[in-house]
K.L.:
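Starting off with a structure, shown below.
Reminder, nothing fancy here: chain letters follow the sequence lines and each chain counts from 1.
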Amino acid sequence: MSVKTRFAPSPTGYLHVGGARTALFSWLYARKHGGQFVLRIEDTDLERSTQESVDAILEGMQWLDLDYDEGPFYQTKRFDRYNEVIDQLIEKGMAYRCSCSKERLDNLREEQMAAKQKPRYDGHCRHADVSADEPHVIRFLNPTEGSVKFKDLVKGDIEVSNNELDDLIIRRTDGSPTYNLTVVVDDHDMEITQVIRGDDHINNTPRQINMYQAMGWSVPEFAHLPMILGDDGARLSKRHGAVSVMQYADEGYLPEGLLNYLVRLGWSHGDQELFSREEMIQLFELTNVNRAPSAFNTEKLNWLNAHYIKEASPADLAPLLQKHFQQLDIEATDLAVLAQIVEAQRERASTLVELADISAFYFNDPEGYSSKPAKKALVEEAIAPLTHARKALAQLAAWEREPIHQCVADAVAALEIGFGKLAMPLRISVTDGAPSPDLDLTLFLVGREATLRRIDNAIVFIQENAS
RNA sequence: GUCCCGUUCAUCUAGAGGCCUAGGAUCCCAGCCUUUCACGCUGGUUACAGGGGUUCGACUCCCCUACGGGACGCCA
């Protein structure tokens, strides 16, 4: 049978990095084996599922470019099918009606906890004759003897005794099916061969296997991925800031960077750190997935993202940078110029937000010269070199890198001073100390008009501060 | 509390009994490069949770303890 995996999020929030990694591994497994990848929205919790969440998940998947061959399927559209299966289970005597009240269940739980036992349903209604007319739920009749064994593709052999399991509810009082039932029906109907999901589902697996067997269905393979912890080692939550995949997009990360980071979180291929999409697919193996949870480390993500910013083609980054400039109220319309800025600045930034930040000076004149380097460079003895250079630059025939460089070199020679004596004040005049590339390139990109204006401003600044 | 899963540098990880006086990457520190800041390069600090076994030999296998996580819902 050919491989088929799925990603099955519940739309009760955005796509966070943990979900994204689960999706990635499922997708990778399918692609690696030339199989199919299915997206299924598990929205049976009518209370908490929202269309916004569905949209957010779809948007995240698209941004990461995790394409699916089937779906998205919605469980709310398959209620007829679930009910059909539930009815079959009742007919087979593998499920039964239960009318236990909430109060009874709560009391039972309390008693069991007090007796230091695992809280579980006691099977009270197993043999009670509950009428179909009175309010009731349907419970799955779990075997009482023996144990369930399965070989997890990540964790290895797992065995759970059936007396640890209770008769779980598969249909609510309102007639809607519950997760453990729907997931089994769907994974069977959709012919999923490997169920790859977070290890918070490990405990559900034995009961699901019992349901497969009750229906006489073949059981898929399971692979349970360890959780991703936050920067501080605690469970990932909103407290840790950017947990939504799209928030990473907003913060200037590239999908390549996030994906590469995520794939190395819990999975490895020897000492290799950098993986292209193709390499991931080719090299991915479930056997190399770590069994222990891992902590999300933003610094390493930053390093990877910086790498991909350096690797990308400037033309591709230009429109992205443009968007981030807009966040700074900078309207940069010329994509060719933007591409040049990318090329000049990118080794200094690990995100596009940072790139826009440190590149703002190309468009905005310095607001005063309060930086530390400015205090050092913009002193009285800089006035003469600046004035000289300003004049020369104003007269330059062509505003290109090479002539600018020559012009500065000539000025230095004419003044008989060290290169830095002119270069530093000049650079600071234009940037107020913001990190910047080679001087000629910096001046070139800032443009002649702005360069001259900023030199004038700097000279005025020195004069005012010297007196 | 009960059950399940886990535990190698601060972090991500390599390691499938001798190759390990434990390797790589991020971070941090130092040096080099340099007209700023970076990039890059070179070097450095730091780890097998603890205790018992098994074995000629254990990071690797088994057991116990500790610690961490997960599950125990008419949530998924």
K.L.:
Whole angstroms only, please: what is the CE-C1' distance between A/Met113 and B/G73?
P.N.:
12 Å

K.L.:
Can you tell me the distance, in whole Å, between the CG atom of A/Asn305 and the P atom of B/U26?
P.N.:
15 Å

K.L.:
Should B/U36 form a Watson-Crick or G-U wobble pair with both distances under 3.5 Å, which nucleotide is its partner?
P.N.:
none

K.L.:
Could you please name the option among B/G73, B/U13, B/A71 that lies closest to any side-chain atom of A/Arg109?
P.N.:
B/G73

K.L.:
Quick one: A/Glu134 CD to B/C74 C1', roughly how many Å, whole number?
P.N.:
16 Å

K.L.:
Please tell me which of A/Ser294 and A/Glu159 maps to the more 5' nucleotide of RNA chain B, matching each residue to the nucleotide holding its nearest heavy atom.
P.N.:
A/Glu159

K.L.:
Could you measure between the two P atoms, the one in B/U60 and the one in B/G51, and give it in whole Å?
P.N.:
12 Å

K.L.:
Using whole Å, report how far CG of A/Leu46 lies from P of B/G73.
P.N.:
21 Å

K.L.:
Provide the distance between the two P atoms, one in B/A22 and one in B/C48, to the nearest whole Å.
P.N.:
10 Å

K.L.:
Could you state the atom-to-atom distance from CG of A/Leu304 to C1' of B/U11 in whole Å?
P.N.:
13 Å

K.L.:
Does the base of B/G40 carry an N or O that pairs as donor and acceptor with the side chain of A/Glu347 under 3.5 Å?
P.N.:
no

K.L.:
Answer with yes or no whether the side chains of A/Gln406 and A/Asp410 bring together a donor and an acceptor at under 3.5 Å.
P.N.:
yes

K.L.:
Heavy atoms from C-beta onward define the side chain here; which of B/A38, B/C12, B/A14 lies closest to that of A/Arg264?
P.N.:
B/C12

K.L.:
Does A/Tyr179 or A/Asn203 map to a spot on RNA chain B nearer the 5' end, using the closest nucleotide for each?
P.N.:
A/Asn203

K.L.:
Taking atom C1' in both B/A66 and B/U13, what distance in whole Å separates the two?
P.N.:
24 Å

K.L.:
Quick one: A/Arg348 CZ to B/U36 P, roughly how many Å, whole number?
P.N.:
11 Å

K.L.:
Produce a footprint string for nucleotides 27-32 of chain B: one letter per nucleotide, 5' end first; B if the base is under 4.0 Å from any protein heavy atom, S if only the sugar-phosphate is, - if neither.
P.N.:
S-----

K.L.:
From CG of A/Leu265 over to P of B/A14, roughly how many Å is that when rounded to an integer?
P.N.:
12 Å

K.L.:
Using purine N1 to pyrimidine N3 plus N6-O4 or O6-N4 for Watson-Crick, or N1-O2 and O6-N3 for G-U wobble, both under 3.5 Å, which nucleotide pairs with B/G57?
P.N.:
none

K.L.:
Do we get A/Arg139 above A/Tyr121's six-membered ring, with its NZ or CZ under 6.0 Å from the centre and within 45° of the axis?
P.N.:
yes

K.L.:
Quick one about A/Tyr261 and A/Asn305 (side-chain donor to acceptor, distance below 3.5 Å, no hydrogens or angles considered), yes or no?
P.N.:
no

K.L.:
B/A14 and B/G73: how far apart are their P atoms, nearest whole angstrom?
P.N.:
35 Å

K.L.:
Taking atom types as modelled, find out whether A/Thr76 and A/Asp43 have a side-chain donor-acceptor pair closer than 3.5 angstrom.
P.N.:
yes

K.L.:
Taking N and O atoms by type only, does the side chain of A/Asp271 place a donor or acceptor under 3.5 Å from a partner on the base of B/G23?
P.N.:
yes

K.L.:
Any luck finding a side-chain donor-acceptor pair between A/Glu159 and A/Ser147 under 3.5 Å?
P.N.:
yes

K.L.:
Where does the angle between the aromatic ring planes of A/Phe150 and A/Phe222 fall among parallel (under 30°), tilted (30 to 60°) and perpendicular (over 60°)?
P.N.:
perpendicular

K.L.:
Would you kindly give the CG-to-P distance between A/Asn204 and B/C3, to the nearest whole Å?
P.N.:
18 Å

K.L.:
Would you confirm whether A/Asp152, through its side chain, and A/His224, through its main-chain N or O, come within 3.5 Å as a donor-acceptor pair?
P.N.:
yes

K.L.:
Can you confirm whether more than 12 heavy atoms, excluding those of A/Arg97, are under 6.0 Å from its CZ atom?
P.N.:
yes

